[in-house]
Structure formats: structure tokens, C-alpha cells
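Let me begin by presenting the structure, written as C-alpha cells, before commenting on it.
Below, chains carry the letters A, B, ... as their sequence lines are ordered, and counting in each starts from 1. Since the model is a prediction, treat every value here as computed from it, not as a measurement.
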There are 2 protein chains.
Amino acid sequence: MRKDAGSAIYQLVRRGQAETQRDIEAETGLSRGTATQRISELIAAGLLIEGPTRASGGGRPARGFLVNPHYRNVVGVDLGESQGRACLFDLSGAKLDQQVFALDLRADPGVTLDRVEDAVAMLDVSAMRSAPIAAVGLSVPAPLDVASGRVAMPSVMYGWENLDIRQALGARIGLPVAVDNDVNLLCLAEQRLNWPNCRNFAFIKIGTGIGCGIMVGGRLMRGASGTAGDLGHIQHGLQPAPLCRCGKEGCTEAHAAGWALARDLRGLGFDCQDARDVMALWLRGEPEALAALNRGSRVLGKVAADLVAMVNPQVLVIGGQLARAGEAMLAGVRELIYQRCLPLATQQLVIALAAETDDLGVLGAACLAMDEIEV
Amino acid sequence: MRKDAGSAIYQLVRRGQAETQRDIEAETGLSRGTATQRISELIAAGLLIEGPTRASGGGRPARGFLVNPHYRNVVGVDLGESQGRACLFDLSGAKLDQQVFALDLRADPGVTLDRVEDAVAMLDVSAMRSAPIAAVGLSVPAPLDVASGRVAMPSVMYGWENLDIRQALGARIGLPVAVDNDVNLLCLAEQRLNWPNCRNFAFIKIGTGIGCGIMVGGRLMRGASGTAGDLGHIQHGLQPAPLCRCGKEGCTEAHAAGWALARDLRGLGFDCQDARDVMALWLRGEPEALAALNRGSRVLGKVAADLVAMVNPQVLVIGGQLARAGEAMLAGVRELIYQRCLPLATQQLVIALAAETDDLGVLGAACLAMDEIEV
DNA sequence: CGTCTTTTGTATAATATTGCACAAAACTAG
DNA sequence: CTAGTTTTGTGCAATATTATACAAAAGACG
């Protein structure tokens with residue numbers, strides 16, 4: 001930190017928090033001379049490139065800087081429950097190539113790590129690669145104690161509890177590795193992509209399950225043991241209180257998650273196994289599916305209102321499979337938030353849908369990897 | 001920041017995050033030479049003093065450092081609804097003197113600021129003063145947008161909405177002023193006093209009202225507009241849902257706050273106006289009061305569980321008038337948290353009572369003031 | 001075209017910090 | 001007492017940063 005003003009500058013630009021030399025001087029507190037010198041060094045070294053100049057307000061327009069997308073590449077890996085995906089990105093977040101592989105999280109972790117290692121090796125020899133791979137980010141579908149690098153039990157990742165994933169994978173592929181849980185990384189990707197200047201941010205994923213990532217002061221809030229944002233298992237007093245996957249009754253998930261809506265729709269005679277099926281029924285215009293989404297939306301709205309009351313984010317983004325229902329899903333969330341929260345908390349609150357892309361998870365993992373790049 | 005390694009060192013020691021030179025080197029990243037030099041300068045300037053040496057583990061014991069309590073004094077001011085209190089502190093947090101004054105927050109803010117100004121002036125000539133007053137911290141019983149220095153409407157502070165309190169008071173007394181709301185400052189005081197190494201901390205105040213302060217990464221989480229931690233008005237599905245002071249129904253406060261318990265006890269024929277009366281009945285051993293506290297405790301437990309699920313603090317402290325009931329108040333909170341939250345979130349969670357002191361509010365204000373001291 | 005404004009570049013002396021090597025101090029354990 | 005461990009102090013050359021002042025660049029505006 002002391003050693004490297006250049007690193008601080010690079011990180012600011014990379015995160016979109018500074019675009020011009022003036023921004024950089026203001027954000028870092030560096031003097032003009034130092035900023036000038038370091039910036040030109042970064043450009044000479046190929047880390048930064050000149051971007052478009054900012055609009056002028058009567059004076060010389062400010063020169064904009066961008067990260068050189070082709071200085072390095074990174075790999076983002078998303079481990080799903082039955083499939084893994086490793087994508088190669090340049091530093092602008094553009095996807096260059098990908099590898100998909102089957103996996104079984106209940107099997108020996110070593111097998112899964114083999115798959116990841118293979119996928120990274122394939123990407124390393126990809127024709128699309130534009131620069132050396134500098135780091136790998138990994139998204140896992142389980143709560144993670146980032147301090148120890150271990151998944152928390154119980155989760156879908158049986159047998160992983162004693163493995164320091166970061167270290168184990170790093171030793172295999174010989175690159176810096178960063179790991180976090182999937183929802184945190186969706187949150188990170190959405191913030192970096194679409195809300196780079198928002199420092200108090202929340203992302204709720206409503207798909208088969210329900211989870212949430214929270215950013216405070218521009219950083220992911222992981223909590224003391226890595227479980228912050230666990231609103232899927234906040235319990236409601238609603239009757240009847242259906243049994244949840246976690247063994248408790250009346251959790252948010254048991255009312256509103258994809259698996260719960262699918263369960264309800266099956267009860268009405270539909271063939272509906274998961275969140276994807278729920279959305280298919282909704283797309284077909286089945287009124288029962290819309291009704292289920294509306295009900296789910298309002299239950300989600302309750303915890304979203306709790307979240308807004310407690311965390312007071314500036315932007316709240318709803319993502320995940322069920323968020324593709326758009327306003328059908330936002331309506332209840334908006335309703336409950338505006339009904340229940342202080343005007344002061346909601347006045348400036350933006351409630352939005354996530355970018356419609358399947359790559360958000362791997363992109364988040366890639367963002368994490370980019371944070372690992374030493375300059 | 002760049003200019004002053006000494007300042008960084010001083011702040012670390014002041015906050016209890018570093019006690020020895022080794023700690024300081026590790027926390028700041030400074031080199032040994034710089035640390036040695038800056039520390040001796042700080043001692044020469046009277047900012048730090050030598051404390052007791054740490055226990056040795058087979059080698060030379062580390063020299064401990066403390067802030068010199070008598071380098072400066074600060075004033076913490078707590079504005080209550082009918083009374084204000086300004087206390088003079090040294091930098092160890094020892095209270096040296098105090099001034100109490102009547103006030104009416106519904107009156108012209110100028111009158112109140114006059115009172116505060118007078119109180120500070122009195123403390124400045126107090127015989128107990130051990131050093132020049134360096135800054136003033138102010139606790140206000142209303143949500144505050146720290147960015148603009150203004151209280152949020154609606155609140156008990158009618159007529160204050162267009163006043164930048166920090167600036168207005170600073171102009172009057174000619175000292176740096178910091179302002180925050182009361183619950184945040186209780187949280188800050190409790191953390192600094194009793195949990196200096198805890199960086200993910202939460203404090204719930206249950207008195208006449210209910211509020212909460214949250215610290216993430218060692219800093220108060222104020223949220224985008226200063227309303228973070230508003231769990232007093234999270235609504236529950238419990239029936240009947242009593243009308244709350246805020247106009248909504250079924251809020252946490254309407255079930256569990258001091259005013260609500262007093263309302264219930266009045267309904268049972270007791271003469272009970274506020275939290276203090278509730279505690280008096282409890283101390284007298286009235287079973288109805290204990291029952292009310294138990295009910296309140298379990299409602300509070302629900303939002304506390306929500307808080308733990310969302311924020312995952314390492315330490316949760318319960319304070320305020322009703323917390324003097326001790327286990328009677330903690331029981332329900334513990335019960336609901338352990339029942340509802342993930343084991344991972346509760347395994348290492350400490351749930352404790354706040355220090356039993358009326359000075360926590362002014363001490364929090366003083367802590368805020370200490371943060372304003374330029375070194 | 002000149003004037004104004006804003007942004008950037010450069011030079012310089014004064015400070016501040018790092019990394020390293022070596023030494024000394026102050027303990028514990030046996 | 002001796003050997004080992006941990007912590008602290010010091011000196012020095014190489015870097016890094018600041019503050020400041022002045023100059024130049026690049027646009028808007030009339």
C-alpha cells in the first residue's frame with residue numbers, strides 16, 4: 001500500500017471509481033506530480049490506456065483513462081450443482097471463451113478440482129486468449145467462511161468442509177485464486193457492471209433458492225463468519241408455514257423460492273419441477289403461475305423491506321431466474337418496501353432488475369479474480 | 001493520510017487496535033524505522049504514553065502504548081427529548097465534569113444550540129478540565145443524514161430539518177463538531193469500550209423506543225441516507241397488530257418497546273407511563289411486568305434474528321432501559337436467534353448486555369469527537 | 001480573434017518511507 | 001548461568017511523495 005501509488009490508481013480506474021487525472025488525485029489524495037508520473041508509468045507499462053475525453057465545461061476537457069483490456073486475462077469459474085462453467089475474460093469484462101464441464105458436488109472434491117484445473121488449462125491454450133491469465137475466481141453454491149477458505153456445513157457441497165479451496169486450487173493451477181459464494185459474486189458483478197459508483201448496494205437472487213449479497217462502503221459485507229445476507233431462511237409468521245429445505249418452517253424460501261412455487265404449481269396439477277418450469281408456465285400465460293409469482297413477490301417484498309430497513313442500500317437489484325418475470329416480480333417488492341420502510345430510506349432508493357445474462361455469475365468470479373491481480 | 005504516519009499510529013492506539021510497536025508495524029504496514037521514529041515523536045509530543053508491557057512468551061516483552069488521557073479533552077453532548085447533558089471527558093474516556101440543561105426539541109433550534117454553547121463554555125472553564133477541549137460530539141434523538149448534517153423528517157426534532165447541525169454548532173463554538181444519532185453513538189461507545197477488537201458489531205437499544213446501530217469492518221454502517229439499523233419499525237405478522245407511534249401497525253416497537261409495554265400494563269390497571277415505570281414494576285416483582293418483558297423479549301428476538309441473519313455480526317449487545325432486566329430480556333432474544341439462524345452465524349456469536357451506565361450516550365458522542373481530533 | 005476556464009505537465013526543494021543489516025535489550029527455559 | 005526467543009533501536013542509501021509555482025494545452029464564449 002505504501003509502496004504503490006500506481007496500484008491504487010490502477011484499482012480505482014479498474015473499478016470505475018475514477019476516470020480522469022483529477023478524479024485520481026481527489027480519490028487517492030496524491031499530489032499532481034505523483035499522479036502524473038504514476039499514470040504515465042501505468043500507460044507505458046500497458047496497464048492503462050487513454051480513453052475518450054470527458055465533455056468540457058468551458059475549459060480543457062479531461063482526459064479519460066481505461067484499463068487496458070488486454071493487459072491480462074482472468075478466468076471466472078461458476079460451480080453449479082450439476083455443471084461447472086469456466087469463462088475467459090479480458091479486463092473489460094468481455095467474455096473471450098468458455099469451457100463447460102459436468103460435475104457432482106457430492107463426489108470427491110478432488111475430482112471437481114481436476115475438472116476446474118482442466119478447464120483453466122484449456123482456456124490457457126485457447127485461440128481467443130488475448131493475454132496471459134493472471135488469476136482465477138471461483139463461485140461456489142454454498143456459504144463460505146472467507147477467512148478459512150472453507151465451505152460451511154451443512155450445504156450441497158458434502159465432503160468439502162475440511163478443504164481450503166483457495167489454497168487447494170491455487171496449488172494446482174499455480175495462479176492466485178479467490179473464492180466466494182455465488183450470490184455475493186452476482187452482487188459484485190451487477191455492481192461493477194451497472195452501478196460502479198454505488199457504494200451501498202444490495203442484490204437479491206430469487207431462483208430455485210433465495211439469497212442476497214450486500215455491499216457496504218463499496219465492499220462486500222460478508223459478516224463475521226461469511227453468512228451475511230442470508231434472507232432466504234428468515235421466517236415469516238404466515239399461515240400455513242410450509243416446511244423448508246433447511247428443516248425449519250415458514251422460511252422465505254419455503255414461500256417464495258422457485259422450488260416452493262414449483263411445489264405449489266404441482267399441487268395444482270401442473271408439471272413443474274423447478275424455477276425454470278415456473279417461468280415457462282408464466283411465459284405461457286398460465287394465470288396460476290402469475291398468481292404464484294405475485295404471492296412470491298410479496299413474500300420476497302417483506303424480507304426486502306426488512307433488508308432496506310436494516311441496511312439502507314442506495315440501489316437494490318433483483319436477479320435470478322424468477323426475476324425474468326420483470327414487473328410481475330418487482331411489483332410486490334416495491335409495494336412492500338414503500339409500504340413498510342421509512343420515506344427517508346426509500347426516497348432515493350432505486351429498485352431495479354439485474355442484467356439479463358447467464359454470465360453474471362462467472363463475471364462476478366472474474367471480478368474477484370481481477371481484484372487479485374498484483375500490479 | 002499520506003502525510004501522517006503518526007496520525008495513523010495514534011488512531012490505531014486510540015481505538016485499541018494496536019498496543020505494541022509490532023502491532024503498529026503490522027497494522028499500518030510501516031517499516032520498523034518509521035514506526036520507531038513516529039512513536040517516539042508521538043511520545044515526545046505528549047500524545048502517547050508508555051503503558052504496561054505485554055506478557056512475554058519467551059522473549060523480550062513488548063512495550064505497550066496508551067493514549068495520553070490528558071493530551072486533550074473532548075465534550076460529548078446528548079440531547080434527550082426534555083433534557084440535555086454535556087460531559088467533559090479525557091481521552092481515556094474518563095468523565096471529568098458535566099452540565100445538565102433543560103431543553104425543548106420542538107422549540108427553535110437556536111435556543112437549544114444556545115444551551116449547548118453555554119454548556120460547552122461552562123465545561124471549558126471547569127476546574128476539572130485537564131487539557132484544552134479539542135472537539136465536541138453531539139448525539140441527537142433522530143435519524144440523521146450525516147452527509148448533509150441534517151435530521152430527517154418526520155422526527156421529534158420539529159423545525160430542525162433545514163439546519164446543518166454540524167456546521168451551525170461548529171460556527172458557534174469554534175471547535176470541530178461531529179453529529180450522529182443516539183443509537184449509533186451508543187453502539188460506538190459500547191464497541192470502543194468493551195469490544196475494541198470486534199469489527200462486526202451490532203447494538204440494539206430497547207428503551208422507550210427501539211433502535212439499532214451496526215458496525216461493519218470497524219465502522220458505523222449508516223446506509224445510503226443514514227437510516228440503517230431501523231428495526232424498530234420492521235413489521236410483524238402477529239395478531240393483534242397494535243398501532244405504532246409511526247402510524248403503521250404491528251411494528252416491533254408497537255409490540256416490544258417501553259412505551260408499548262407500558263401501554264399494556266396500563267391496560268391491566270397499573271400506573272405505568274414509560275420504560276422506567278415498566279422496570280420499576282419488574283423490580284417490584286410484578287408478574288405481569290415480567291410477562292410483558294418476556295413477550296417483548298421474544299418479539300425483539302425476531303428482529304434480532306433477522307439482524308443476525310442479514311448482517312452476521314460477531315457480537316450483539318442489547319442495551320437501553322429494558323435491558324436492565326438482564327436475562328429476562330436476553331432469554332427471548334437468545335431463544336429466537338438460536339432457533340432461527342444458521343449455526344454458522346450463531347456458533348461464534350456473542351450476545352451480551354450493555355455496560356450499565358447512563359453515560360454511554362455522551363461517551364459515544366465523545367468517541368465521535370475524539371475521531372475529529374487532528375494530530 | 002482574444003479572454004476565460006479547466007485540466008495537465010514540469011521542475012524543485014523539502015520530507016517521508018522503505019529495506020536491510022546489525023546491535024542491543026529483556027525476557028524464558030533448562 | 002547459558003542458550004534461545006522476541007522485541008526494539010539505529011544508521012544508511014535508495015525511493016517515493018508533497019507542496020508550490022509556473023507554464024502549457026485545449027476547449028467555450030463573445
Check [Y] with [X], please: is the shortest side-chain N to carboxylate O separation under 4.0 Å?
X	Y	result
B/R22	B/E25	no
B/D180	B/R222	yes
B/D359	B/K95	yes
B/E161	B/R150	no

Q. Is the distance from OP1 or OP2 of D/dT18 to the nearest side-chain N or O of A/S31 less than 4.0 Å?
A. yes
Q: Please list, by residue number, the residues of residues 36-43 of chain B whose heavy atoms come closer than 4.0 Å to an atom of DNA chain D; answer none if no residue qualifies.
A: B/T36
Between [N] ([atom2]) and [X] ([atom1]): distance, integer Å:
X	N	atom1	atom2	result
A/R22	C/dG9	CZ	C1'	14 Å
B/Q21	D/dT10	CD	P	10 Å
A/E25	C/dT8	CD	P	7 Å
B/F65	D/dG9	CZ	P	6 Å
B/L48	D/dT8	CG	P	14 Å

Can you tabulate the close N/O pairs, meaning under 3.5 Å, that link protein atoms to atoms of nucleotides 24-28 of chain D?
from   : atom 1 : to    : atom 2 : distance (Å)
D/dA25 : O4'    : A/R60 : NH1    : 3.4
D/dA25 : N3     : A/R60 : NH1    : 3.3
D/dA26 : N3     : A/R60 : N      : 3.2
D/dG27 : N2     : A/G58 : O      : 2.4

Short side-chain donor-acceptor distance under 3.5 Å, [Y] and [X]:
X	Y	value
B/S148	B/D164	no
B/N312	A/T227	yes
B/Q347	A/S225	no

Q) On a plain distance test, is the side chain of B/R32 in donor-acceptor contact with the base of D/dT8 below 3.5 Å? A) yes
Q.
Please classify the nucleic acid contact of B/R63 as base, sugar-phosphate, or nothing, using heavy-atom distances under 4.0 Å.
A.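 Counting heavy atoms under 4.0 Å across all strands, the contact made by B/R63 is with sugar-phosphate only.
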Q | Aromatic plane relationship, A/Y10 with A/Y71 - under 30° parallel, 30 to 60° tilted, over 60° perpendicular | A |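 If you compare the ring of A/Y71 with that of A/Y10, the planes turn out perpendicular.
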Q: Test salt bridge (charged side-chain N to carboxylate O under 4.0 Å, His left out) on B/R72 and B/D90 and set out the steps.
A: CA-CA 7 Å; B/R72 291 291 146 82; B/D90 69 24; over 6 Å; no
